[in-house]
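Remarks on the structure that follows.
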Amino acid sequence: MKFHWFHLMPYSDLPDDFRQKNRSVWVDVDPKLFDPAKGHRMYHDYLDELEYADQLGYDGICCNEHHQNAYGLMPSPNLIAATLTRRTQQAKLVVMGNSVALYNPPIRVAEEFAMLDCMSGGRLVAGFPVGTPMDTVFCYGENPATLREKYREGVDLIVKAWQAPEPFVFNGKYTQLRYVNPWPRPLQKPHPPVWIPGGGSVETWEWCLRNEFLYAYLSYFGYIRGRQVMDGYWEKADELGIDRNPYRAGFLQFVAVADSDAQAEDLYSEAALYFYNRCLNLYEGFSNPPGYTSVATMRRGIAGQVQAAAQALSDDLTWTDIVDRGYVVAGSPQTVIDHLKEMADTMNVGHLMLLLQFGNLSKETTMMNTERFISEVAPKLRDRFNEWDDKWWPTQSLEAANPAAPVDDAKASISGAQS
Amino acid sequence: VTLTERTVTLPFGPPARLFEGGDPKATPLVYLHPAGGISAEDPFANRLAADHRLIAPLAPGFADIAELDDVRDIWELGQWYDDLFEALGLQGAAVIGHSFGGMVAAELAAQHPARVGKLVLVAPVGLWSDDHPVVDLFATPALELMDLVWGDPTSEMAQAAKASMPMAAPADGSEGAAPDLDDKAVIEQLVAMTQGFTAVAKFMMPLPDKGLSRRLYRVKAPTLVLWGAKDRLTPPEYADDFGRLIAGSRVEVLDDAGHMVTLERSDDVVGLVGSFVGR
């Protein structure tokens, strides 16, 4: 099993009455609530946390893309990933990812991901989400009737561009290019692993399985509710005669480690409730524009996760609610181990993405959580699924990716050259 | 009257599903429906069919969302209707469109002026003004939208329409009901609504003016613009905008009606249409 440290980069200073005075954390959230000086501090704290996760031996560190969103300060995840290439050494950079239909032309994504793969020495995992309705339809004006088709066409173009031995013509429905020839080229061959973060759309399962893309179900509602979606994914694999290799799948889970279950509440409940009651305060009208959810998904009766959020979170949640429902796995190391073993058994997921910072959790507590998870929880789960081969993971990373050259070294080499 | 349904194959895009009724020897009147779609039982279409030979095509995508892939943009939508009129032998026809259908009618009359001999636009979308924005149909929960479309949302007609929605509040009066996703009939009702709204979204998002304001000058047909004075979805100020952009057009704003003026003031609308287009 692999463990990935996932940051949403929430704005951590929303007022106590945010939910009462604002209809949505996303799309039309009050711009006056953003303090750039606090933003400066948050970005650097959050980068410190990601770098710490690399130092402690997490397999991957993850960032993602949201727009006009007070719980996700990364409109450009590639800027964060680029920063991380300089001060991290081992962890793979899991960019989850670029919402392809929002990049015009989408070849921009092929270029930037190739840059990141070169800069990181082949540590990139290339994530291609459709993007939520808030990001794509309402913030970026994409049409929900054509979004998915445009997105698929863009992914096809990018994957082809990375592998093409010569410049080629792309005559698509949404993109026409006379000369496709991205420079630089990705270090990993034939291309970096492709991960598809999904919210539970049924056609995405088959598309991932047929293309050998990893499917990652990014839910804020934990493994108990997530099981319905992962069951559907594995049933589709059976139907297509494809193996149930757990490394075909990723899942996102909030985790909070403490000495005891009682201490977990003391340490984490305020931050968790900040996330669920402020950060997920989403206007229902933004959650499901017509056409965003496919007819097949509607017929399967899977409400999109954001729609579920808007409906499920109409009342203030308590710590007991979010722990009992499995939204947050919290408690002593043994409690967390037990829950995550159950998750591994029921969902068959090899890539566990961990939200160890959430809401307004402080840097100190975040680092403690990060350290305790990797030293006290991860070793008990690490061997799970060892019988399977992970074919969705960077394996060609360079031995010594060059870190930032210290200024003193540079000065020394200059004076050496002069003497 | 109950309308009959038939399908016409076209050289481009999906086949057209037509609802027809009325005196087959009378002059045709083409009715282009709003976002709610059309069926054989549609009350306003049946009222029109009592006085006219009515031809009411279902817009592409409403029956099957996959068909929309073949109609890429507002130009291809115009092309599809032009082909349909060709297949039906319609030239210089009388056309009435309501709401989304009004936008389609206006586009057809601007893109293919010879097809349309008389034009009636009932609370059409298709324009945009920062001063009086159209409600964001696609970011408004369905039940709220159902209140906004009526001049008087407390009327019996409005309440009955709302109660028939799949996400309507249960009979016990509890609030905030979500659609029951375990009920297949509810899901099919949602699918039907969603397909229609997706088709509309394709040609209206993020803002409804796809250049119509720049080509309305091409409309040659005598035009009647009808609006409900209490329209809270597409404010009545747009009646003046359409009136200004279509030379020689006549604007009528009816009291005591909202966006669903075709049902709220049905007799008056049918009367005005009859005297404007003839019978």
Side-chain angles (χ1 to χ4, degrees), chain A residues 23-24 26-28 68 102 132-150 152-153 172-176 200 202-203 228 282-304 306-315, chain B residues 35 59-74 76-77 100 135-145 148 166-167 174-208 210:
Chain A
R23 74 170 185 175
S24 189
W26 211 330
V27 181
D28 59 357
Q68 301 176 197
L102 307 185
T132 69
M134 287 69 73
D135 294 312
T136 56
V137 173
F138 293 107
C139 296
Y140 266 45
E142 278 300 318
N143 197 300
T146 51
L147 173 69
R148 282 175 197 276
E149 195 179 44
K150 183 178 176 185
R152 294 265 183 103
E153 182 185 292
K173 184 170 173 181
Y174 299 94
T175 298
Q176 290 185 319
V202 298
E203 54 283 287
Q228 183 197 11
L282 179 63
Y283 174 56
E284 181 194 346
F286 294 140
S287 69
N288 197 21
Y292 181 84
T293 302
S294 73
V295 168
T297 301
M298 288 178 76
R299 289 211 164 105
R300 203 184 154 92
I302 297 175
V306 286
Q307 191 185 9
Q311 287 166 352
L313 300 174
S314 51
D315 299 315
Chain B
F62 273 68
D64 177 2
I65 201 67
E67 294 181 348
L68 258 194
D69 293 345
D70 293 332
V71 183
R72 294 187 179 185
D73 54 25
I74 199 75
E76 293 196 353
L77 188 66
F100 168 67
V135 165
D136 188 350
L137 305 180
F138 311 105
T140 305
L143 290 175
E144 279 177 44
L145 203 56
L148 286 171
M167 63 289 288
S174 56
E175 287 291 324
D180 177 2
L181 295 177
D182 293 327
D183 183 336
K184 293 280 179 248
V186 166
I187 290 197
E188 287 312 309
Q189 206 181 346
L190 282 172
V191 166
M193 274 179 54
T194 301
Q195 293 195 134
F197 262 72
T198 305
V200 171
K202 180 158 185 173
F203 304 107
M204 277 185 67
M205 286 193 86
L207 298 178
K210 303 302 178 192

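Of all the heavy atoms in A/M298 and B/V191, the pair that sits closest is CE-N, 3.8 Å. Of all heavy-atom pairs spanning A/F138 and B/F138, the tightest one is CZ-O, 3.4 Å.
Chosen from B/Q195, B/M204, B/E188, the residue pairing most often with chain A at heavy-atom distances under 4.5 Å is B/E188. Of the listed residues B/A66, B/G61, B/P141, B/P206, the one with more heavy-atom pairs under 4.5 angstrom with chain A than any other is B/P141. When each of A/P290, A/G285, A/S294 is checked for heavy-atom pairs under 4.5 Å with chain B, A/P290 comes out on top.
In this structure, the side chains of A/Y292 and B/T198 stay at 4.5 Å or more apart for every pair of heavy atoms.
A donor-acceptor distance shorter than 3.5 angstrom exists from the side chain of A/K173 to the backbone of B/D69, with no hydrogens or angles considered. With hydrogens and angles disregarded, a donor-acceptor distance shorter than 3.5 Å links the side chain of A/N143 to the backbone of B/A201. For A/Y283 (side chain) and B/A139 (main-chain N/O), a donor-acceptor pair under 3.5 Å exists by modelled atom type.
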